[in-house]
There are 2 protein chains.
Amino acid sequence: MNTLEEVNDFVHNGHQEYLPHISIDPVIFGYHQQQLKILLLKWKGLEGWGLPGGFIKRREPLSQAANRILQEKTSLSNLYLQQFHVFGDSPYRIRERSAREYKEKFNLDVDDDNWLLQRTLSIGYFALVDYSKVTVQTDFFTEDYQWWDVKEVPPLLFDQNEVVEKALLTLRRQIYHQPIGYNLLPEKFTLPEIHTLYETILGKELDQRNFAKKLIALGLIQKLNETRAIGAHRSPFLYQFEKENYEQALQVGIVHTY
Amino acid sequence: MNTLEEVNDFVHNGHQEYLPHISIDPVIFGYHQQQLKILLLKWKGLEGWGLPGGFIKRREPLSQAANRILQEKTSLSNLYLQQFHVFGDSPYRIRERSAREYKEKFNLDVDDDNWLLQRTLSIGYFALVDYSKVTVQTDFFTEDYQWWDVKEVPPLLFDQNEVVEKALLTLRRQIYHQPIGYNLLPEKFTLPEIHTLYETILGKELDQRNFAKKLIALGLIQKLNETRAIGAHRSPFLYQFEKENYEQALQVGIVHTY
DNA sequence: TCAAAAGTGTTAACGTTACACCCATGT
DNA sequence: ACATGGGTGTAACGTTAACACTTTTGA
């Protein structure tokens, strides 16, 4: 969506192609330099940053819509994607926005009953992606994008800070039942990497030895005969996930602590 | 909604009051005679049973809508109510239904573009209620209601069997993090009652002694100096929840097995 | 007095936690 | 050589899991 023609068509006729009143807002998690990050877009004409959301096509299955929206923004397919909550309580999402406000911000002429101005619920999804493989597409509405450390998320549009909070919370709870990491880390990774990842998600320190013991005891990771030289005094061993056990743990679910 | 006038108004003008394309479908759990049950409605003119769903008013917060719908059907307020998933993948929910089909089933004249015929996503909620306190309201669309053992749920409309399945799964997972029972049991209950409840939700046997020990050790329940005579050779002690610890466990969340 | 249900403790196995020193490498 | 980060084992503790008999009550 880059030409003015396309944008005008979307704004004025989009409701024929998309379902009104419902959007999908993905929280995209990536991991880089020992930090858990999320991908945010800067919307043109608006102050804040926001999630890379989108709408559902009228005959498109919901999960397919979520995948499509993610792919449009990040050029990634086959990522880990999971629905976690519907947001429909915030006053921002109830009071319809005015056409005037829209005109001022986007410089687009819209009627008062335009579909984009009406109340819209948001279905929250979170995605776990390999940071290094993401390439972001910007379009007419977005002027910039940036990865933000989850500890330093800026004020977001509407109630989207709440969306991010809840995504983190869900991730944190889920890690007690299912392994996480396959989608966030490169194929080969070091113990310190996955160790810090888990600490970051859980927001607490985990004993180095016990953590490694646990993952190996569960059969989730295996040591490779390679090391990676990453600077002074540092050449940790590489590990990779044991796909079979990992998949099984994902599906069956487990209950344990770290 | 009982008079023909009200029904016609809802069918033809409901989209002015309610958001189209989104419904709320509550799975209402109750517990009676050692069985976990859900409340289903028989829709007039349709073969199957279904969930007591409803729509969201245009300016109504989502969670308020869910509470209102539940109260309209069960006359209960202040119950435990939780969102768990949005359903939008099933082909039933994508193919728009035809006006002819609607006419045949409900004997109502509607246009092809009537809001009730269009694709509708469903937001799944589950409620935990005190079985003995529910009184069900039927209306024009519903001709009967019935509590069903979760082990014997009949074929439901659309993809609602999937909704029930997912509700149970969510409940089962949640019980590892938060206590459940306060909303399902009467104020005073016996050990065998809560024991069977947990066994039913988890779908597996739990050691009698260990189970009681655990709940008492966690400070969730306390023994009363009363017994209940419930038949031959049976007069178990009554217990009640320790509200403070219970609430705290609900909010903080815990990780444990049973 | 007999049948049915409720109540009650102990022990062994297992998993979790706490804890510190050596080794390899690059500067 | 030294500074930094990575790697590794053991012991105490707490939790879980397995197990059966006694008591009460009503018929």
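We name chains A, B, ... by the order of the sequence lines, and we start the count at 1 in each one.
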Rounded to whole Å, please give me the gap between [atom1] in [X] and [atom2] in [N].
{"X": "I230(B)", "N": "dA6(C)", "atom1": "CD1", "atom2": "P", "result": "6 Å"}
{"X": "K223(B)", "N": "dA6(C)", "atom1": "NZ", "atom2": "P", "result": "13 Å"}
{"X": "F237(B)", "N": "dA6(C)", "atom1": "CZ", "atom2": "P", "result": "13 Å"}
{"X": "R234(A)", "N": "dA3(D)", "atom1": "CZ", "atom2": "P", "result": "18 Å"}

Between [X] and [Y] (side chain of the first, backbone of the second, donor and acceptor by atom type, cut-off under 3.5 Å), is there such a pair?
{"X": "N161(A)", "Y": "L156(A)", "value": "yes"}
{"X": "Y80(B)", "Y": "Y182(B)", "value": "no"}
{"X": "Q83(A)", "Y": "V86(B)", "value": "yes"}
{"X": "H195(B)", "Y": "L206(B)", "value": "yes"}

Quiz item: When you check the gap from the basic side-chain N to the acidic O, do E162(B) and R93(B) get nearer than 4.0 Å?
Solution: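 No, no charged N to carboxylate O under 4.0 Å.
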Quiz prompt | Given V164(B), I180(B), N183(B), L128(B), the one that forms side-chain contact (heavy atoms from CB on, under 4.5 Å) with F29(B) | solution = L128(B)
Could you run down the sub-3.5 Å N/O contacts of the protein with nucleotides 21-24 of chain C?
none

Practice problem: Please check if atom NZ in K214(A) has more than 12 non-hydrogen atoms from other residues, nucleotides or ligands closer than 6.0 Å. | Solution: yes
Quiz item: Among residues 194-222 of chain B, which contact DNA chain C at a heavy-atom distance under 4.0 Å?
Solution: Q208(B), R209(B), K213(B)
Exercise. Evaluate the ring planes of Y246(A) and F241(A), with Trp represented by its six-membered ring, and classify them as parallel (under 30°), tilted (30 to 60°) or perpendicular (over 60°).
Key: perpendicular
